[in-house]
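Report on one structure; see the data block that follows.
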Amino acid sequence: MNDSQQHLEHLAEMRSLMERSTRFLSLSGLSGVWAGCCALVGAFFARNYLELQYLGGNNVTDLLYNRSGTSSNNGLGYETTLVLTALIVLAMALTGGWFFTARKARLRGERVWEASSRRLLWALLIPLATGGVFCLALLYWNLIAFLAPATLVFYGLALLNGSKYTLGDVGSLGLLQIGLGLAGMFFPGRGLELWAIGFGVLHILYGGWMYYKYDR
Amino acid sequence: MKDILTQLNPVFDHRNRLGIMSILAVNDWVDYGTLKELLNLTDGNLASHMKPLEAAEYVEYRKQFVGRRPQTTYAATATGKAAFKAHLDALESLLKMNEPK
């Protein structure tokens with residue numbers, strides 16, 4: 001029947017409009033893969049260079065119980081270098097992530113900066129900023145071993161919050177990050193490994209899967 | 001069949017008006033530019049489809065200034081949402097009736 005055919009088309013279009021007007025769907029899986037690669041490089045650097053140079057191969061847990069010898073090295077201290085490394089990794093991940101997502105939006109004929117992406121950014125920003133200040137407090141009290149787990153927890157909460165406004169898969173990625181972070185709070189010595197799994201491996205797996213599912 | 005056809009709301013008898021209501025049904029306030037872009041309509045086109053919806057008091061609007069530029073944002077009224085839902089229900093039963101058995 002011609003009439004119901006037309007109604008069905010209208011319904012499909014309405015569904016798509018509801019989806020597109022509330023969710024930012026141009027988020028690219030490649031952004032995740034890129035962020036994951038940056039995180040792995042950063043974690044590798046932190047483990048093999050920073051911990052060797054500043055802690056003489058001792059685990060970061062030792063810092064918890066024995067503060068002597070932490071910042072005795074020449075130049076910048078361990079904390080400063082670690083935070084600098086983290087900021088550089090973050091900047092690289094965001095720049096590349098922006099690039100791939102902007103490219104996908106362009107290919108889909110959509111804008112990157114629109115109502116739905118602004119809403120997504122706000123949803124991400126508030127838990128992330130809270131986490132940022134929380135981590136500054138950890139640094140202030142010299143609780144370095146809890147930094148990596150704390151970033152995982154707050155990043156996971158941010159993803160879970162943001163998943164309402166983008167591809168739903170982001171929510172389960174958030175839950176996994178929260179789980180890893182909470183585990184890290186009980187095994188502070190394994191923080192960096194868990195961080196590498198969460199920010200590195202999971203990003204690459206999820207990004208690759210989402211690229212396969214939506215982007216091709 | 002006749003019964004259901006009379007339940008279809010004539011105000012929604014166009015895909016662009018259905019489109020406007022779909023967007024407003026799931027968002028709080030949406031500005032004119034975003035609506036235009038999502039629906040892929042020209043200024044005049046969107047305005048002419050908004051008029052019957054405004055006349056039926058299915059949508060309300062707010063004019064404000066963002067910096068120096070005036071901006072109009074739209075929202076669906078409670079009446080509008082109810083009418084839209086009734087229209088969708090009617091569509092649904094119509095489609096069910098036409099389903100090949």
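When heavy atoms are compared at a cutoff of 4.5 Å, B/F84 approaches chain A solely by way of its side chain, counted from C-beta outward. Heavy-atom distances place the side chain of B/L88, and not its backbone, under 4.5 Å from chain A. Neither the backbone nor the side chain of A/R23 comes within less than 4.5 Å of any heavy atom of chain B. Contact of B/E37 with chain A is made through the side chain alone, with heavy-atom distances under 4.5 Å.
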**OP:** Report the C-alpha distance between A/Y214 and A/D169 in whole Å, list the side-chain angles of each, state the deciding distance to 0.1 Å, and finish with yes or no for side chain to side chain donor-acceptor pair (under 3.5 Å).
**Re:** CA-CA 11 Å; A/Y214 304 108; A/D169 312 78; 2.5 Å; yes
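Between the side chains of B/Y58 and B/N9, at least one donor N or O lies within less than 3.5 Å of an accepting N or O. Under 3.5 Å, the side chains of A/T101 and A/S26 contain no donor-acceptor pair of N or O atoms. With hydrogens and angles left out, the side-chain atoms of A/S28 and A/D215 include a donor and acceptor closer than 3.5 Å.
Between chain B and the residues A/E114, A/R111, A/R15, the largest count of heavy-atom pairs under 4.5 Å involves A/R111.
Ring-centre distance between A/H203 and A/Y155: below the 6.0 Å cut-off.
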